[in-house]
Amino acid sequence: MRQDIAFRGLKAPLRLQEAEPVLRLLPDVFTGWPYDARAAGAMAKPFFSITAGEDGLLACESHVDDRPVRRFDAVNAVCDAVSAVAFALPAEDDRLICLHAAAVEMAGRLVVFPNVRRAGKSTLSSALARAGHPLFSDDVLPLSFTTDDLAWGLAMGIAPRLRLPLPGTIDPFFRAWVDSVGGPKNRQYQYLCLPDQPAHGVVRPLGAFVILDRRDDRTLPRLEPVSPDAAMDALLHQNFTRDRHSGDVLVAMASVLALRPVFRLTYEDLSEAVACLEQAFEGWPDDLPSEPVSPDRRFRLAEFSARGMADRGIRGRVRQRAGTVAAEIGGTLYLADAEGLAIHRMDGMAALIWELLADPALPEDIAADLAEAFPGTPHARIAADLGDLIERLAREALIDLEAKG
């Protein structure tokens with residue numbers, strides 16, 4: 001049987017072909033996102049399709065990003081479809097980008113946990129939900145923005161998912177709670193069926209970013225302010241919305257990180273971490289609109305046009321490429337190419353050289369300027385490092401080059 005699952009607010013459906021085991025899981029996974037199941041339409045292009053195979057596994061194919069077709073059991077097939085939603089939502093709404101992050105509402109605002117591998121964001125956000133704090137997402141957070149730099153997070157309406165097995169050191173009371181609310185599971189993952197969580201599309205303003213640093217030793221929880229670029233770096237290596245213009249994403253995130261605080265939570269015990277966050281975010285020092293404001297910032301699509309790879313052994317003058325977007329976050333320079341394909345972090349030396357490229361310059365002249373600024377560094381090393389950087393900037397389409405003479 002061929003069925004389309006139409007989620008409210010999405011034009012593109014999830015398509016199932018003889019995949020009844022997946023259909024049976026959907027009510028326990030998309031707990032707060034209404035959907036209708038109907039016969040597959042010839043004209044509707046799905047964002048994701050799941051097809052049963054003769055070997056009992058399900059072929060999973062995304063139609064909104066370039067991942068290969070993969071074969072999974074029913075639980076992992078649903079997991080793969082959920083991840084595709086991060087591409088499907090902004091593909092239909094140019095006011096959205098998606099962060100790879102968890103988000104929990106505390107005192108009316110969202111505390112956002114950028115994804116850092118194996119740092120425990122899903123477990124901690126689920127523990128906060130257990131403590132009564134509404135869970136907006138444990139993995140993907142859609143954001144919209146107003147032109148006055150307010151950012152709003154949207155609830156996914158999807159059950160949180162924990163990686164199995166749970167750590168042996170985890171709070172036994174939390175383990176017992178997981179067993180009591182456990183939903184669909186396999187050897188890798190388990191969904192949690194949590195009642196009364198925010199429905200898909202409910203919005204709250206962003207309040208703070210918290211980077212998680214989970215330890216295995218007996219560490220008392222510490223919540224310490226950190227530079228905004230720490231959050232940007234955590235987000236940079238995860239998945240924004242890849243078809244969105246990276247320059248627009250960079251400008252939006254730079255504005256948000258200039259206004260919202262960033263912290264690092266170091267912790268070992270789950271319940272102590274929850275208590276630490278509750279104490280820190282029992283209130284907020286400033287006022288924001290109590291009602292959601294209609295987002296009015298729109299994001300361009302990236303320009304996936306072919307561009308030539310820079311020729312090695314560059315000769316002639318080089319300069320900053322017109323259309324490159326630059327933003328400083330926490331004292332760190334970030335650049336986005338004119339086509340909007342990527343965001344690049346510049347270290348201190350690269351940022352200095354970028355400034356020197358505001359006007360056309362010969363690499364040897366830049367090397368001479370750097371040798372004067374750093375007399376203790378051998379000139380040959382400066383020239384070699386500069387050559388490597390210029391080649392990198394050229395490959396990433398951040399500078400313009402003159403043809404070889």
Side-chain angles (χ1 to χ4, degrees), residues 97-101 112-119 121 141 143 145 149 151 206 208-213 224-264 299-300 302-303 307 309-310 318-358 363 366 370 373-374 381-382 384-401:
I97 63 171
C98 288
L99 302 186
H100 197 174
V112 178
F113 305 101
N115 182 66
V116 178
R117 183 169 174 78
R118 302 300 177 95
K121 67 177 175 60
L141 179 66
L143 290 184
F145 303 80
D149 298 327
L206 261 65
F209 291 87
V210 176
I211 300 166
L212 300 180
D213 181 10
E224 303 168 306
V226 294
S227 177
D229 58 325
M232 188 64 188
D233 289 346
L235 295 166
L236 184 61
H237 295 292
Q238 303 305 322
N239 181 27
F240 290 110
T241 306
R242 283 186 235 169
D243 65 348
R244 287 290 176 260
H245 196 287
S246 59
D248 293 354
V249 173
L250 176 57
V251 169
M253 293 307 303
S255 299
V256 171
L257 289 168
L259 295 174
R260 303 273 75 88
V262 180
F263 301 91
R264 176 174 286 109
F299 293 86
R300 294 171 291 166
E303 301 172 23
R307 61 189 186 198
M309 189 71 80
V318 294
R319 67 173 301 166
Q320 297 175 6
R321 185 180 176 211
T324 301
V325 177
E328 188 173 296
I329 301 174
T332 297
L333 177 68
Y334 297 86
L335 302 177
D337 58 275
E339 286 81 13
L341 301 182
I343 297 174
H344 308 275
R345 186 187 198 275
M346 300 289 109
D347 62 22
M349 180 60 72
L352 173 59
I353 293 170
W354 177 255
E355 291 182 9
L356 295 175
L357 293 174
I366 297 174
L370 293 174
F374 302 97
R381 178 180 171 185
I382 289 176
D385 290 347
L386 175 62
D388 290 343
L389 175 63
I390 288 178
E391 286 190 359
R392 173 195 162 196
L393 294 175
R395 285 194 305 270
E396 293 164 351
L398 299 171
I399 57 174
D400 281 329
L401 316 173

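These values consider heavy atoms only, across backbone and side chains, with no hydrogens, waters or symmetry-generated copies. In this chain, numbering begins with 1 at the start of the sequence shown.
- Val318 has its side chain out of reach of Leu393: every pair of non-hydrogen atoms, C-beta onward, lies at least 4.5 Å apart.
- Note that CG of Leu212 is 6.0 Å distant from CZ of Phe113, once rounded to the nearest 0.5 Å.
- Applying the side chain to side chain donor-acceptor pair (under 3.5 Å) test to Arg244 and every residue at least two apart in sequence or in another chain returns nothing.
- Salt bridge Arg321/Glu339: present, at least one basic N to carboxylate O contact under 4.0 Å.
- Every residue meeting the side chain to side chain donor-acceptor pair (under 3.5 Å) condition with Asp213, not counting sequence neighbours, appears here in chain and number order: Arg215.
- At a threshold of 4.5 Å between non-hydrogen side-chain atoms, the residues Leu398 and Leu357 do not count as touching.
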Name every donor-acceptor pair, under 3.5 Å, that has one atom in a side chain of residues 245-253 and the other anywhere in the protein, sequence neighbours excluded.
from: His245; atom 1: ND1; to: Gly247; atom 2: N; distance (Å): 3.0
from: His245; atom 1: ND1; to: Arg300; atom 2: NH2; distance (Å): 3.4
from: His245; atom 1: NE2; to: Ala338; atom 2: O; distance (Å): 2.9
from: His245; atom 1: NE2; to: Gly340; atom 2: N; distance (Å): 3.4
from: Ser246; atom 1: OG; to: Gly340; atom 2: O; distance (Å): 3.3
from: Ser246; atom 1: OG; to: Leu341; atom 2: N; distance (Å): 3.4
from: Ser246; atom 1: OG; to: Ala342; atom 2: N; distance (Å): 3.2
from: Ser246; atom 1: OG; to: Ala342; atom 2: O; distance (Å): 2.9
from: Asp248; atom 1: OD1; to: Arg300; atom 2: NE; distance (Å): 3.2
from: Asp248; atom 1: OD1; to: Arg300; atom 2: NH2; distance (Å): 2.8
from: Asp248; atom 1: OD2; to: Arg300; atom 2: N; distance (Å): 2.8
from: Asp248; atom 1: OD2; to: Arg300; atom 2: NE; distance (Å): 3.1

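- In this structure Phe263 satisfies the ring-ring contact (aromatic ring centres under 6.0 Å, His included) test together with Phe281, sequence neighbours excluded.
- In this structure, Ser227 and Gly330 approach most closely via the heavy-atom pair OG-O, 3.3 Å.
- Annotation for Leu235 and Phe209: closest pair CD1-CE2, 4.2 Å, computed over non-hydrogen atoms.
- The shortest non-hydrogen separation linking Pro363 to Leu386 is O-CD2, 3.2 Å.
- Ile353 CD1 to Gln320 CD: the interatomic distance, rounded to the nearest 0.5 Å, is 12.0 Å.
- Using a 4.5 Å cut-off on side-chain heavy atoms (C-beta onward), Leu389 and Met349 make no contact.
- Considering CG of Leu236 and CD1 of Ile329, their distance stands at 9.0 Å, rounded to 0.5 Å.
- Closest of all the heavy-atom pairs between Ala231 and Ile211 is N-CD1, 3.5 Å.
- Using a 4.0 Å cut-off between a side-chain N of Lys or Arg and a carboxylate O of Asp or Glu, Arg345 and Asp233 qualify as a salt bridge.
- In this structure, the separation between CG on Leu370 and CD1 on Ile366 is 7.5 Å, given to the nearest 0.5 Å.
- Closest approach of Ala230 and Arg264 over heavy atoms only: CB-NH2, 4.3 Å.
- In plain terms, the two heavy atoms of Val262 and Pro228 that are nearest each other are CG2-CA, 3.9 Å.
- Residue-environment remark: CZ (Arg381) stays at or below the threshold of 12 foreign heavy atoms within 6.0 Å.
- Every residue two or more places apart in sequence or in another chain was checked for a side chain to side chain donor-acceptor pair (under 3.5 Å) with Thr324, and none qualifies.
- For the salt bridge (charged side-chain N to carboxylate O under 4.0 Å, His left out) condition, no pair includes a residue of residues 346-357, sequence neighbours left out.
- Residues Met346 and Trp354 are not in side-chain contact: their nearest non-hydrogen atoms beyond the backbone lie 4.5 Å or more apart.
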For Asp337 and His344: C-alpha separation, side-chain torsions, deciding distance, then whether side chain to side chain contact (heavy atoms under 4.5 Å, CB included) applies. CA-CA 9 Å; Asp337 58 275; His344 308 275; 4.3 Å; yes
